[in-house]
Protein chains: 2
Amino acid sequence: MKKTILIYGLSLAVLVFLLEYFEYRYFVHELSTEVFVFLIALIFTGLGLWVGKKLTNQTKIESPPFEQNEKAIRYLKISERELEVLELVAQGLSNKQISDKLFVSVNTTKTHLSHLYEKLDVKRRTQAVEKAKSLKLIE
Amino acid sequence: MKKTILIYGLSLAVLVFLLEYFEYRYFVHELSTEVFVFLIALIFTGLGLWVGKKLTNQTKIESPPFEQNEKAIRYLKISERELEVLELVAQGLSNKQISDKLFVSVNTTKTHLSHLYEKLDVKRRTQAVEKAKSLKLIE
DNA sequence: TTCAAAATCATACTTTCGGGTGATTCCTGA
DNA sequence: TCAGGAATCACCCGAAAGTATGATTTTGAA
């Protein structure tokens, strides 16, 4: 951002400097003035476009990255382990597969899920995933 | 987009026209040429920014709205009815609820789902939703 | 018109989920 | 030290989901 503005300022300065340096009056008068104005306009339209692109690109890069809603997680009192289970559920794993990944029994996974459903106020895993994503608890 | 370009072109034309009209040579020579060039640069930088904003705004408005991947749907030979079921599954509905919404029996819903799982190459509804979303079959 | 795909439904069976209850261990903050 | 939350596990039961197979009807394209 700062760099962009700097480059823009420098371009302006360089242009003015070059005009001075080459005694542009003589040079310019060999071209038609319309052409000269047109060139300046073109160059600075380009610069404007470039600057605009730089500026908007930054906002684009800032928004997409996932930002977990930790306040909601705290508010809903969802524990670490429950969140882990939730993420695996969202990946489409079965309770058995989740249990194997976390090195616990299926019963444990089911207990975590029960608590999750209660906290999220849902009845099924698909709803839990849906809600968790809308609340940005998971990606 | 077309309008934006049109306005840009018109601005250029108007500028040139005005220069002619006011016999700009005399006018301009009363200002220093640096100032004149600077003004032109400023105006067209602004125009460039404006055009850039218009153009990127369009891409911003066009990208967020969901764009269904119809090629994938055709490629996977997923039928209309199957897609409907898929959407309802993604909303966290049970087979019973889906059946009621579509006025068919649970058996029918299950049949559609079986076909879907085969086409999407998954085993469970949560996986189907996951995959369908990543393929942009559904929102 | 004919053929294939799509949509519908059924029956039967297996697996997975989810609910309920209760127990143990560990850790932390009052 | 004591209460409470978190994590762990078990057992049972019923509901939901998924698999397999087969059948009928509708529909659209060749």
Side-chain angles (χ1 to χ4, degrees), chain A residues 68-135 137-138, chain B residues 68-135 137-138:
Chain A
Q68 197 173 39
N69 189 347
E70 296 173 35
K71 296 140 240 158
I73 291 173
R74 262 177 271 126
Y75 178 70
L76 294 172
K77 299 191 200 303
I78 292 172
S79 74
E80 262 306 304
R81 209 54 164 166
E82 285 163 358
L83 200 58
E84 285 183 77
V85 172
L86 184 55
E87 272 157 9
L88 296 176
V89 167
Q91 287 168 27
L93 303 193
S94 69
N95 290 346
K96 179 76 179 64
Q97 291 173 311
I98 293 170
S99 306
D100 288 346
K101 277 218 176 189
L102 300 182
F103 301 109
V104 297
S105 82
V106 178
N107 301 302
T108 304
T109 299
K110 285 167 83 175
T111 304
H112 288 318
L113 273 178
S114 288
H115 293 156
L116 268 172
Y117 296 155
E118 210 176 328
K119 290 171 183 176
L120 290 176
D121 189 30
V122 298
K123 292 288 183 190
R124 268 175 292 288
R125 52 175 57 222
T126 39
Q127 289 182 325
V129 171
E130 172 80 358
K131 191 148 191 178
K133 283 189 177 174
S134 77
L135 291 176
L137 305 184
I138 58 174
Chain B
Q68 197 173 40
N69 190 347
E70 296 172 37
K71 296 139 239 158
I73 291 172
R74 262 177 270 127
Y75 177 69
L76 294 172
K77 298 191 201 304
I78 292 172
S79 75
E80 262 306 303
R81 210 53 165 165
E82 285 163 358
L83 201 58
E84 285 183 76
V85 172
L86 185 55
E87 273 158 6
L88 296 176
V89 167
Q91 288 169 27
L93 303 193
S94 69
N95 289 345
K96 180 74 179 64
Q97 292 174 312
I98 294 170
S99 307
D100 289 346
K101 277 218 174 190
L102 300 181
F103 300 107
V104 297
S105 81
V106 178
N107 300 304
T108 305
T109 300
K110 284 163 100 176
T111 304
H112 287 318
L113 274 177
S114 287
H115 293 155
L116 268 173
Y117 296 155
E118 209 176 331
K119 290 171 183 177
L120 291 176
D121 190 29
V122 298
K123 291 289 181 188
R124 267 174 293 288
R125 53 173 58 225
T126 39
Q127 289 182 325
V129 171
E130 170 80 359
K131 191 148 191 176
K133 283 189 178 175
S134 77
L135 291 176
L137 306 183
I138 59 176

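Letters go in sequence order (proteins before strands), and every chain restarts at 1.
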Could you work out which one of D:dA10, C:dA6, D:dA6 sits closest to the side chain of A:Ser79?
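Among the listed nucleotides, the one closest to the side chain of A:Ser79 is D:dA6.
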Between [atom2] on [N] and [atom1] on [X], what's the gap in Å once rounded to a whole number?
X        : N      : atom1 : atom2 : value
A:Arg125 : D:dA15 : CZ    : C1'   : 15 Å
A:Arg81  : D:dG5  : CZ    : C1'   : 16 Å
A:Leu88  : C:dT16 : CG    : C1'   : 17 Å
B:Lys123 : C:dC17 : NZ    : P     : 14 Å
B:Leu113 : C:dT16 : CG    : C1'   : 15 Å
A:Lys119 : D:dG5  : NZ    : P     : 10 Å
A:Arg124 : D:dA16 : CZ    : P     : 8 Å
B:Lys77  : C:dA4  : NZ    : P     : 15 Å

So what does B:Thr108 hit on the nucleic acid, given a heavy-atom distance under 4.0 Å: a base, only sugar-phosphate, or nothing?
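Base, at least one base heavy atom under 4.0 Å.
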Is A:Ser94 touching bases, backbone alone, or none of the nucleic acid, heavy atoms closer than 4.0 Å?
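The answer is sugar-phosphate, as A:Ser94 gets under 4.0 Å only of primed atoms, P, OP1 or OP2.
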Would you say [X] places a side-chain N or O within less than 4.0 Å of OP1 or OP2 belonging to [N]?
X        : N      : result
A:Asn107 : D:dA10 : yes
B:Tyr117 : D:dG18 : yes
A:His112 : D:dT8  : yes
A:Asn95  : C:dC17 : yes

Under 3.5 Å: donor-acceptor pair, side chain of [X], backbone of [Y]:
X        : Y       : answer
A:Gln97  : A:Leu93 : no
A:Lys119 : A:Lys77 : yes
B:Glu82  : B:Ile78 : no

Identify the residue among B:Leu86, B:Val89, B:Asn69 that makes a side chain to side chain contact (heavy atoms under 4.5 Å, CB included) with B:Ile138.
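Only match with B:Ile138 under side chain to side chain contact (heavy atoms under 4.5 Å, CB included): B:Leu86.
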Heavy-atom closest contact (A:Tyr117 atom, A:Arg125 atom, distance)
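In terms of heavy atoms, the two residues are closest at OH-CB, 3.3 Å.
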Is it the case that the base of D:dC9 and the side chain of A:Thr111 share a donor-acceptor contact (distance under 3.5 Å, atom types as modelled)?
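Yes, the side chain and the base share a sub-3.5 Å donor-acceptor pair.
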Taking for each residue the nucleotide of DNA chain C bearing the nearest heavy atom, is the 5' side occupied by A:Lys110 or by B:Glu80?
B:Glu80
